[in-house]
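Reading through the structure tokens given below for one structure.
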2 protein chains.
Amino acid sequence: MTRASSRRPGPPTRTERGIPEATVARLPVYLRALTGLSDSGIATASSEDLATAAGVNSAKLRKDLSYLGSYGTRGVGYDVEYLRYQIAREIGVTQDWAVVIVGIGNLGHALANYSGFGTRGFRIVALLDADPNLIGERIGDMEVRDFAELEDIVKADRVSIGVITTPAGPAQEVCDRLVAAGVTSILNFAPVVLSVPDGVDIRKVDLSIELQILAYHEQRKSGEAGLPEVPELPAMNGLTDLPSVGGGVGA
Amino acid sequence: MTRASSRRPGPPTRTERGIPEATVARLPVYLRALTGLSDSGIATASSEDLATAAGVNSAKLRKDLSYLGSYGTRGVGYDVEYLRYQIAREIGVTQDWAVVIVGIGNLGHALANYSGFGTRGFRIVALLDADPNLIGERIGDMEVRDFAELEDIVKADRVSIGVITTPAGPAQEVCDRLVAAGVTSILNFAPVVLSVPDGVDIRKVDLSIELQILAYHEQRKSGEAGLPEVPELPAMNGLTDLPSVGGGVGA
DNA sequence: CCGATTTTGTTCTCACGTTCACAAGCTCCT
DNA sequence: AGGAGCTTGTGAACGTGAGAACAAAATCGG
Ligand SMILES: NC(=O)c1ccc[n+]([C@@H]2O[C@H](COP(=O)([O-])OP(=O)(O)OC[C@H]3O[C@@H](n4cnc5c(N)ncnc54)[C@H](O)[C@@H]3O)[C@@H](O)[C@H]2O)c1
Ligand SMILES: NC(=O)c1ccc[n+]([C@@H]2O[C@H](COP(=O)([O-])OP(=O)(O)OC[C@H]3O[C@@H](n4cnc5c(N)ncnc54)[C@H](O)[C@@H]3O)[C@@H](O)[C@H]2O)c1
């Protein structure tokens with residue numbers, strides 16, 4: 001998202017090891033599919049098999065894998081364990097990443113209780129909150145700690161990833177603190193656009209947005225041929241008559 | 001995702017009302033930005049203002065809005081309330097959509113407790129689970145009901161959107177039940193690739209994948225110039241010697 | 001009423017992503 | 001050993017998305 005892209009204009013320089021962002025987003029899916037095959041005792045899989053398991057088409061899968069190198073065998077397919085290791089290494093989940101979660105409310109609790117992270121390359125090292133009533137509460141084998149301890153924890157555990165599950169209001173402030181403390185990757189659940197300096201990656205998960213995208217398609221399904229072309233707007237008051245109150249945002 | 005796209009090859013037929021998927025995904029962001037401006041008492045905003053609030057650049061924002069129609073005023077900007085209504089109408093959130101949540105564990109509880117959906121065009125009409133111990137539990141003003149009641153609820157409340165927060169194992173089965181009951185849009189939190197018939201839209205939210213994408217970039221930051229080009233693979237056993245166990249997946 | 005100023009809506013170009021199609025390479029069978 | 005049969009890896013075609021740039025439209029001051 002916020003990566004400084006220094007790509008030269010020439011033909012796609014492959015040796016430069018720049019994997020397309022769209023491919024990066026699918027590698028974890030392949031990794032999971034491979035784990036599934038591995039658990040089923042399958043040792044070799046063709047691109048077709050893998051593609052089915054990952055829910056993509058096989059051409060895309062082959063092209064994606066080709067960015068990592070030539071790890072398959074023509075006429076045979078891919079060795080599941082070997083490919084799994086290669087993808088894990090490329091993503092960087094062969095060793096664990098330390099993660100802090102900030103904001104231990106509804107969502108923070110759910111995340112803290114979730115066991116799926118540990119098995120996928122992540123280790124939650126601290127649950128932080130600003131609410132004194134929460135501090136000290138035990139969740140699983142962890143304890144909620146004071147957000148003020150952030151800097152120490154980041155330094156002590158070499159934390160590079162932070163998860164924000166506070167309300168929208170304090171999210172930017174929490175984000176700034178995380179960045180100042182040295183966190184360089186942030187996963188944000190609060191429904192706000194966070195701004196971060198260059199070099200810090202941010203991803204957001206927004207359930208309302210997901211639902212609204214579904215709603216858009218849903219609407220088109222049901223109204224397929226029934227709606228009037230322009231569903232009649234309500235009185236368009238306030239466009240030409242109002243004394244333009246704002247004109248600038250926030251500034 | 002799974003929409004049957006019947007697009008003809010000619011020049012981009014605008015009257016056909018096909019809004020690019022990338023734009024659809026941003027409309028909810030604009031909607032939220034507009035709501036924020038509105039709450040701040042700002043009545044008019046330029047594309048530059050809006051773009052800043054939404055975290056995109058202004059050219060993209062203008063182009064996105066142009067797919068909906070000409071709702072701005074040159075030299076002035078956009079009327080916040082008016083544009084907000086137009087986007088809400090386009091997305092389809094001017095009236096509420098009924099939603100069921102299936103699997104009231106850690107995550108299901110968090111979602112059930114979340115108040116943000118109601119204010120954004122969605123109404124949770126039922127919390128469903130298969131665990132008898134959970135059925136009857138009250139969460140806010142709702143009660144967990146038996147998953148067996150699904151069909152009745154979908155019919156009674158015209159539910160078109162389902163949220164799956166069960167473990168990965170039963171997710172496909174739950175999905176099939178939802179589809180059979182008439183649900184045509186699904187938001188899936190379980191870490192599996194669900195397969196659905198044409199006409200059903202599916203979106204997934206996968207936290208492990210988000211973290212892994214962050215980890216990939218994180219790895220590239222820290223190892224920027226320090227890693228050996230090929231970090232030395234472990235013994236590549238089992239590629240040429242093993243008696244190809246599988247060769248097919250699941251079939 | 002007119003020109004300066006502002007800001008939209010749109011066109012054009014380039015970059016990125018997806019899919020097709022096939023040569024290259026591997027295994028197995030005869 | 002040689003050919004048949006698969007499956008990978010990739011070049012090339014196609015489609016979609018992003019951003020720059022600008023003409024068209026609106027306001028405002030004089
Ligand atoms: N709960 C959901 O299902 C859900 C769904 C979608 C989005 N979200 C978003 O996720 C975020 C969290 O949701 P939630 O339901 O868990 O909220 P919550 O109110 O239950 O929890 C928020 C927590 O953050 C803590 N907090 C507040 N300010 C803080 C600060 N400055 N520093 C550290 N901690 C602070 C609070 O003490 C509280 O424990 C919200 O932004 C919400 O919009 C939640
Ligand atoms: N909790 C998290 O933070 C988190 C994070 C990432 C992903 N996930 C995924 O979200 C899903 C839910 O996670 P969770 O932590 O809430 O799990 P959980 O085990 O706490 O809850 C799952 C719930 O689903 C119910 N269930 C099981 N089978 C069912 C069926 N056939 N029909 C109806 N209900 C059924 C169970 O009774 C349980 O209440 C999982 O797939 C998990 O991998 C969770």
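Throughout, a chain's letter reflects where its sequence line sits, starting with A, and its residues are numbered from 1. Quick note: numbers below take in every heavy atom, side chains included, and nothing from hydrogens, waters or symmetry partners.
For the OP1/OP2 pair of C/dG9 and a distance below 4.0 Å, the side-chain nitrogens and oxygens of B/Y78 include at least one atom meeting the criterion. Contact annotation: A/S47 side-chain N/O to D/dT8 OP1/OP2 distance is under 4.0 Å.
The distance from atom CG of B/L68 to atom P of C/dT8 is 14 Å, rounded to the nearest whole Å. Spacing between atom CD1 of B/I19 and atom C1' of D/dG17 amounts to 15 Å, rounded to whole angstrom units. Taking atom OH on B/Y71 and atom P on D/dA25, their separation rounds to 19 Å, with Å as the unit. Taking atom OH of residue A/Y67 and atom P of nucleotide D/dT8, one finds them 17 Å apart after rounding to whole Å. Atoms CD (B/E48) and P (C/dT6) sit 13 Å apart, rounded to a whole Å. Atom CD of B/Q86 and atom P of C/dG9 are 12 Å apart (whole Å). Across the protein-nucleic acid pair, B/L65 atom CG and C/dT8 atom P stand 9 Å apart, rounded to whole Å.
Nearest to the side-chain atoms of A/R62 among the listed nucleotides D/dT8, C/dT10, D/dG11 stands D/dT8. Nearest to the side chain of B/K63, among C/dG17, C/dT11, C/dT18, sits C/dT11. You'll find that the side chain of A/E21 is closest to C/dG17, out of C/dT18, D/dG9, C/dG17. Proximity note for B/K60 (side chain, C-beta onward) versus D/dT8, D/dA21, D/dA18: the nearest is D/dA18. Of all nucleotides listed (C/dT18, D/dA26, C/dT7), C/dT7 comes nearest to the side chain of B/S46. Of the candidate nucleotides D/dG17, C/dG9, C/dT19, C/dG9 has the atom lying nearest to any side-chain atom of B/S70.
When each of B/K63, B/R62, B/K60 is checked for a side-chain hydrogen bond (donor to acceptor under 3.5 Å, both in side chains) with B/S47, only B/R62 meets the rule.
Side-chain atoms of B/E81 do not come within 3.5 Å of backbone N or O of B/S38 as any donor-acceptor pair. Side chain of B/W97 to main chain of B/G92: a donor-acceptor pair is present (N/O by atom type, distance under 3.5 Å, no hydrogens or angles).
Toward the 5′ end of DNA chain D lies the nearest nucleotide of A/G75, the other residue of the pair B/D64 and A/G75 mapping further downstream. Positionally, the nearest nucleotide of DNA chain C for A/T23 lies more toward the 5' end than for the other of A/T23 and A/R74.
No hydrogens or angles considered: nothing links the side chains of B/S185 and B/D201 as a donor-acceptor pair under 3.5 Å. Of the N and O atoms on the side chains of A/D49 and A/S46, at least one donor lies less than 3.5 Å from an acceptor on the other residue.
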